[in-house]
Amino acid sequence: VTVLNAGIGGETADATVRRLETALDGAVKPDLVIWQVGTNDALARVDLETFAQSLDETIKWLKSHDIDLVLVDPQYTASLAKDDYYNRIVQAIQET
């Protein structure tokens, strides 16, 4: 098993979509992508529809390239758990 950590701190889902498509369309052909998503989007108050669309586009792109995906909920903190916007991001991930 080879693990490649390609995460970038502070990156929102929309930026990750573009970066993943470029990186994974080249020499790297993973069997599985594990993506913890939503923390930075919640903190930046990214539009929920834009967030959900980025998530959906990424899932479709990965499926079209036969790459499995595991979505991991955003990082948890007690203060974020009380935040309505954070909870709507988590809900959008669950719905997706």
Side-chain angles (χ1 to χ4, degrees):
V1 174
T2 302
V3 176
L4 174 64
N5 180 357
I8 295 180
E11 188 173 67
T12 60
D14 186 48
T16 302
V17 170
R18 292 188 303 272
R19 187 172 58 80
L20 278 178
E21 288 177 356
T22 300
L24 301 180
D25 217 15
V28 177
K29 296 289 184 186
D31 295 310
L32 173 68
V33 168
I34 300 171
W35 187 18
Q36 184 176 35
V37 63
T39 305
N40 296 320
D41 299 272
L43 293 173
R45 298 294 202 243
V46 170
D47 177 72
L48 283 170
E49 188 174 315
T50 300
F51 173 76
Q53 183 177 355
S54 295
L55 203 54
D56 188 57
E57 286 175 14
T58 304
I59 291 168
K60 288 178 180 173
W61 189 89
L62 290 168
K63 281 184 179 183
S64 74
H65 287 77
D66 294 321
I67 300 170
D68 291 331
L69 172 66
V70 172
L71 287 176
V72 179
D73 280 346
Q75 296 173 12
Y76 175 86
T77 66
S79 61
L80 276 178
K82 297 175 188 174
D83 183 86
D84 182 57
Y85 195 83
Y86 169 87
N87 288 309
R88 290 190 289 170
I89 289 282
V90 171
Q91 183 179 359
I93 296 167
Q94 291 172 350
E95 290 171 0
T96 300

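What you see below is based on every heavy atom in this structure, not just the backbone, and it leaves out hydrogens, waters and symmetry mates. The structure presented is a predicted model; accordingly, all values stated were derived computationally and were not measured.
For the 3.5 Å distance criterion, the side chains of Q53 and E57 qualify, holding a donor opposite an acceptor.
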Check step by step if side chain to side chain contact (heavy atoms under 4.5 Å, CB included) holds for D31 and D68. CA-CA 6 Å; D31 295 310; D68 291 331; 5.9 Å; no

Carefully, step by step, assess L43 and L80 under the rule side chain to side chain contact (heavy atoms under 4.5 Å, CB included). CA-CA 9 Å; L43 293 173; L80 276 178; 3.9 Å; yes

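The shortest heavy-atom contact between N40 and G9 is ND2-C, 4.5 Å. P30 and I67 make their closest contact through O-CG1, 3.5 Å (heavy atoms, listed as atom of the first residue, atom of the second, distance). Between A13 and V37 the shortest heavy-atom distance is CB-CG2, 3.9 Å. S54 and V17 make their closest contact through O-CG2, 3.3 Å (heavy atoms, listed as atom of the first residue, atom of the second, distance). Between K82 and N87, the shortest heavy-atom contact is C-ND2, 4.3 Å. Y76 and A81 get closest at one heavy-atom pair: CE1-CB, 3.3 Å.
Here CG of L48 is found 9.5 Å from CG of D41. Values are rounded to the nearest 0.5 Å. The line from CH2 of W35 to CD1 of I93 is 8.5 Å long, rounded to the nearest 0.5 Å. The line from CZ of R45 to CG of D83 is 4.0 Å long, rounded to the nearest 0.5 Å. Remark: L55 CG to L69 CG distance equals 8.0 Å, nearest 0.5 Å.
Every residue was checked against the side-chain hydrogen bond (donor to acceptor under 3.5 Å, both in side chains) condition with E21, not counting sequence neighbours, and none meets it. Residues satisfying the side-chain hydrogen bond (donor to acceptor under 3.5 Å, both in side chains) test with D56, not counting sequence neighbours, are K60.
Residue-environment remark: CD (Q94) exceeds the threshold of 12 foreign heavy atoms within 6.0 Å.
With contacts defined as side-chain heavy-atom distances shorter than 4.5 Å, the pair L71/I59 qualifies. Under the 4.5 Å side-chain criterion, counting only non-hydrogen atoms from C-beta, T58 is not in contact with T16. Using a 4.5 Å cut-off on side-chain heavy atoms (C-beta onward), L4 and T2 make no contact.
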